[in-house]
Amino acid sequence: MKESIKQLILDGARKAYEKGLLKSDDFPEMEIEEPRYDAQGDFSTNFAMVSASVQKMAPRKIAEAVVACMDDTQSVVEKTEIAGPGFINFFLTTAAWYPVLETIVREDDRYGSSEFGGGKKVQVEFVSANPTGPLHVGHARGAAVGDAVGKILAFAGFDVQKEYYINDSGRQIRTLGLSVWLRLCQMLGREVEFPKDCYQGDYIKDIAQELHGKMGTDLSDKEEAEGISICAKYAASVILEGIKEDLAAFGVEYDQWFSEQSLYDTNRVQKAIEDFKAKDLIYEKDGALWFRTEDFGDEKDRVVVRNNGITTYFASDIAYHMEKFDRGFDRVIDVWGADHHGYINRINASIDASGKNSDQFDVILVQLVNLLRGGQPVAMSSRSGEFVTLKDIVDEVGKDAARFLFLSRSYDSGLDFDLEVATQKTSENPVFYVQYVHARIAGIVAKAVAEGILANDAPEWAGCAAVLVEPEEIKLIKLLASFPEIVEKSAATLHPHVVFTYLMALASAFHGYYNKHKVITQDSELSRGRLFLVTAVKKVIRNGLSLLGVSAPERM
RNA sequence: GCGCCUGUAGCUCAGCUGGAUAGAGCAACGGACUUCUAAUCCGUAGGUCGCAGGUUCGAGUCCUGCCAGGCGCACCA
């Protein structure tokens, strides 16, 4: 719709130039926007204002010349107005909007998708928590954001791969093994101390118990080092399975699970270090190996191999990001908790140093979640092992409510997540507000079919729209028409909450319409037209919710 | 001290990458269920967009400096 308005203006401007009404045929980039107020029309352009300097004319004069020469062959424009400093406002005929409904029904679950991304290969990596314990609330927000960003990018025409990076190597895994081993020893009545920096949660005891049940004395008679190693391997795989299950229950799907250890097994970390050494990007100081990240914009150089010979996490991260680009992604997106933001510079530096371009690398920093219950903060301490897990949240408030709330606000802001509100089926809880639209419409359509107004729930709609003339109906269609732009904007800014905000607006418009006008009336022609409209609303609600990973129920 | 994020209605937040008169929800107040689902709707009230400068036809939006809050500044991950 916007495109055709734009074309109308450009054609008008060209004609005005040919007639000598405009001095230049250089037409700068203009905006076509939807004004806030109905009195300012359906669309509005700043063409005259942005052209003022090129034309050396007053904006209003330019606007007059363009309007005078516009030729609306499709007769979509009811009238135009020149307003304010030189805006040209377009008022469309109601009939101009009807084709939108046909498009929606025809494209169905593809409506809103586009070629915006041009098939570019994008990787979104998110959550990537260590397999040393269950996922908690912070991970939950990251999971909701990463999964939604992936879905939105895919819908907007990118070739998306969603990946989880498993930190299954290094110190934290050894600590995990030690934790399980010590719990095992305690179970067997051995006198051992359980250090503070070991994992405290009860799940460690469960795993020890489980492993003992499986291996018995085969395990407990082992030397300590071997025992710890067995425990580490077992615990990590059990916990990872749990993470996978919890994410699946949260509706999060991955295309790939990538193991950090595999970077070592295939010598990629060693090779990266050797390559950088050869390029003099790595030097030795105080017995450690340092990467010259400062030369690439980081505040200081960073250690990749400690003086005890053990590589740092950063070392494998360098190899990992190199590996990502080697896989041919045009764009690499990492979703991180805001507390990791200090890490961005060094990753950027390492990417530039490795000959890739850090412009193709984006980090989505998700701000922290404040977990509340009835307005009171819920104590979160991973040290004592007492925290609310992702599983707890899914069990308590459900996947839909949780995901919707996590995506309701920009991830640039901290989020208060109140378990009590999320459980309540009240108007404070937005997920029901939107899902209710879908269920309501399903009910209406079912009734229409039952009463014989519709032959089935996917009838032929051709020509039905002509009866739609109420302002609330046109408002709804306009909203539906803007959905593809919303998806595009959400993809361009990597902000899923844009879709949330849109769904709330659409739901509000529908509920208002529903309360004011009956869909099924005595007039069967009118009824069919309105059923056409609400069917389109239902599809767009479903498509939007699906981008956020939220279900669209047929009844509630 | 340095860096990232935030500051808009009493509360929680939108605000279309510079547009015209500032937008929702909640809370408050007043209304609407014999109806296609009231998990809904309609109305009233509520603002010095943290403060001060700057950029231009035009700033909540961009720049600079302050102020306040959150989070980071390891040979941890």
Side-chain angles (χ1 to χ4, degrees), chain A residues 31 33-37 39-40 44 46 49-50 52-53 58-59 83-87 89 129-130 132 167 170-172 175 197 285-290 299-300 302-314 316-317 337-345 363 365-368 370 375 408-416 418 421 424-437 439-448 450-451 482 485-486 489 492-493 497-498 500-502 504-505 507-508 510-521 527 530-531 534 555-556:
Chain A
E31 298 267 340
E33 49 189 24
E34 295 164 49
R36 256 197 293 257
Y37 306 96
Q40 293 166 0
S44 163
N46 61 354
M49 280 118 83
V50 296
S53 62
F87 289 105
N89 296 338
N130 298 337
T132 54
N167 299 125
R171 199 177 64 95
Q172 74 280 2
T175 305
D197 59 356
K285 191 182 89 181
D286 304 333
L289 290 184
W290 298 70
E299 44 188 291
K300 56 180 257 192
R302 306 288 175 178
V303 170
V304 287
V305 181
R306 286 178 265 168
N307 60 11
N308 60 8
I310 296 174
T311 51
T312 61
Y313 181 85
F314 181 46
S316 48
D317 240 5
D339 50 343
H340 288 67
H341 78 261
Y343 214 70
I344 295 176
N345 276 342
V363 177
L365 279 183
V366 181
Q367 297 294 319
L368 303 182
N370 274 322
S408 66
R409 301 284 131 88
S410 165
Y411 48 70
D412 292 329
S413 299
L415 179 76
D416 290 339
D418 196 313
V421 172
Q424 281 169 4
K425 299 185 173 180
T426 67
S427 44
E428 267 187 87
N429 197 343
V431 70
F432 299 110
Y433 188 79
V434 176
Q435 286 184 322
Y436 191 34
V437 172
R440 263 186 158 169
I441 295 173
I444 296 169
V445 172
K447 187 182 174 191
E451 292 185 1
S482 66
E485 283 168 45
I486 293 293
K489 184 189 159 198
T493 59
H497 80 275
V498 170
F500 170 92
T501 307
Y502 170 79
M504 290 299 283
S508 170
F510 172 78
H511 286 311
Y513 174 62
Y514 175 91
N515 273 274
K516 188 160 177 189
H517 302 287
K518 298 275 290 181
V519 173
I520 297 173
T521 64
S527 302
R530 290 183 170 173
L531 284 160
V534 300
R555 65 167 51 158
M556 291 171 72

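In the text below, chain A, chain B and the rest are named by the order of the sequence lines, each starting its count at 1. Note that the coordinates shown come from a computational prediction; the quantities given were computed from them, not determined experimentally.
Within the 4.0 angstrom heavy-atom criterion, only backbone atoms of the sugar-phosphate kind lie near A/K447; the bases stay farther away. Looking at heavy-atom distances under 4.0 Å, A/A492 makes no contact with the nucleic acid at all. A/I520 comes within 4.0 angstrom of a nucleotide base, judged by non-hydrogen atoms across all strands. Using a 4.0 Å heavy-atom cutoff across all strands shown, A/M504 reaches no nucleic acid atom at all. Nucleic acid contact class of A/R555 (heavy atoms, under 4.0 Å, all strands): base. Using a 4.0 Å heavy-atom cutoff across all strands shown, A/A83 reaches at least one base atom of the nucleic acid. Using a 4.0 Å heavy-atom distance criterion, A/S410 is classed as a sugar-phosphate-only contact. The residue A/D418 sits apart from the nucleic acid: no heavy atom pair falls under 4.0 Å.
Side-chain atoms of A/T501 stay outside donor-acceptor range of the base of B/A24, with no qualifying N/O pair under 3.5 Å.
Across all non-hydrogen atoms, the minimal contact from A/N429 to A/V421 is ND2-O, 3.3 Å. For A/V303 against A/F314, the heavy-atom pair with the smallest separation is O-CD2, 4.0 Å.
Counting to the nearest Å, the C1' atom of B/C4 and the CD atom of A/E299 are 11 Å from each other. Between the CD atom of A/Q367 and the P atom of B/C13 there is a distance of 12 Å, given to the nearest Å. Between the CZ atom of A/R530 and the C1' atom of B/C36 there is a distance of 12 Å, rounded to whole Å. Between A/Y513 atom OH and B/C41 atom P there is a gap of 16 Å when expressed in whole angstrom units. Here B/U12 presents its P atom at 12 Å from CG of A/L415, a figure rounded to the nearest Å. With rounding to whole Å, A/N345 atom CG is found 17 Å from B/G72 atom P.
B/C41 sits 15 Å from B/C36 when the C1' atoms are compared, rounded to a whole Å. A distance of about 49 Å separates the P atoms of B/U40 and B/A77, rounded to the whole Å. Distance noted for atom P between B/G18 and B/C63: 11 Å (whole Å). When the C1' atom is used for both B/G50 and B/U61, the distance is 16 Å, rounded to whole Å. Distance noted for atom P between B/U44 and B/A59: 29 Å (whole Å). With both ends at atom C1', the span from B/G54 to B/C16 equals 26 Å, rounded to whole Å. B/G7 and B/G60: their P atoms are spaced 15 Å apart (whole Å). B/G46 sits 14 Å from B/A24 when the P atoms are compared, rounded to a whole Å.
Between A/H511 and the phosphate of B/C36, there is no side-chain N or O to OP1/OP2 separation shorter than 4.0 Å. Between B/G23 and A/Y37, a contact under 4.0 Å exists linking OP1 or OP2 to a side-chain N or O. Within the 4.0 Å cut-off from OP1 or OP2 of B/A20, at least one side-chain nitrogen or oxygen of A/R36 is found.
For A/Y433 and B/A39, the ring-to-base geometry does not satisfy the stacking test (centroid distance below 5.5 Å, interplanar angle below 30°).
Applying the side chain to side chain contact (heavy atoms under 4.5 Å, CB included) rule to A/T501 yields the partners A/H497; only residues at least two apart in sequence or on another chain are considered.
You'll find that the side chain of A/N515 is closest to B/C41, out of B/G19, B/A14, B/C41. When distances are taken from the side chain of A/M49 to each of B/A39, B/C36, B/G19, the shortest belongs to B/G19.
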Quiz item: So what is the 5' to 3' dot-bracket string for RNA chain B, if pairs are Watson-Crick or G-U wobble with both distances under 3.5 Å, crossing pairs use [ ] and | means the partner sits on another strand?
Solution: (((((((..((((.....[...)))).(((((.......))))).....(((((..]....))))))))))))....
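Cation-pi geometry between A/R440 and A/Y514 is satisfied (NZ or CZ under 6.0 Å from the ring centre, within 45° of the ring normal).
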Which atom pairs link the protein and nucleotides 75-77 of chain B when you take only N or O atoms and keep those under 3.5 Å?
from, atom 1, to, atom 2, distance (Å)
B/C75, O2, A/N307, N, 2.8
B/C75, O2, A/N307, OD1, 3.2
B/C75, N3, A/N307, ND2, 3.4
B/C75, N4, A/D286, O, 3.1
B/C76, OP1, A/R306, NH1, 3.3
B/C76, OP2, A/R306, NE, 2.5
B/C76, OP2, A/R306, NH1, 2.8
B/C76, O2', A/R171, NE, 3.4
B/C76, O2', A/R171, NH2, 2.9
B/A77, OP1, A/R306, NH2, 3.4
B/A77, OP2, A/Y313, N, 3.1
B/A77, O3', A/Q172, OE1, 3.4
B/A77, O3', A/Q172, NE2, 3.4
B/A77, O2', A/N130, ND2, 2.9

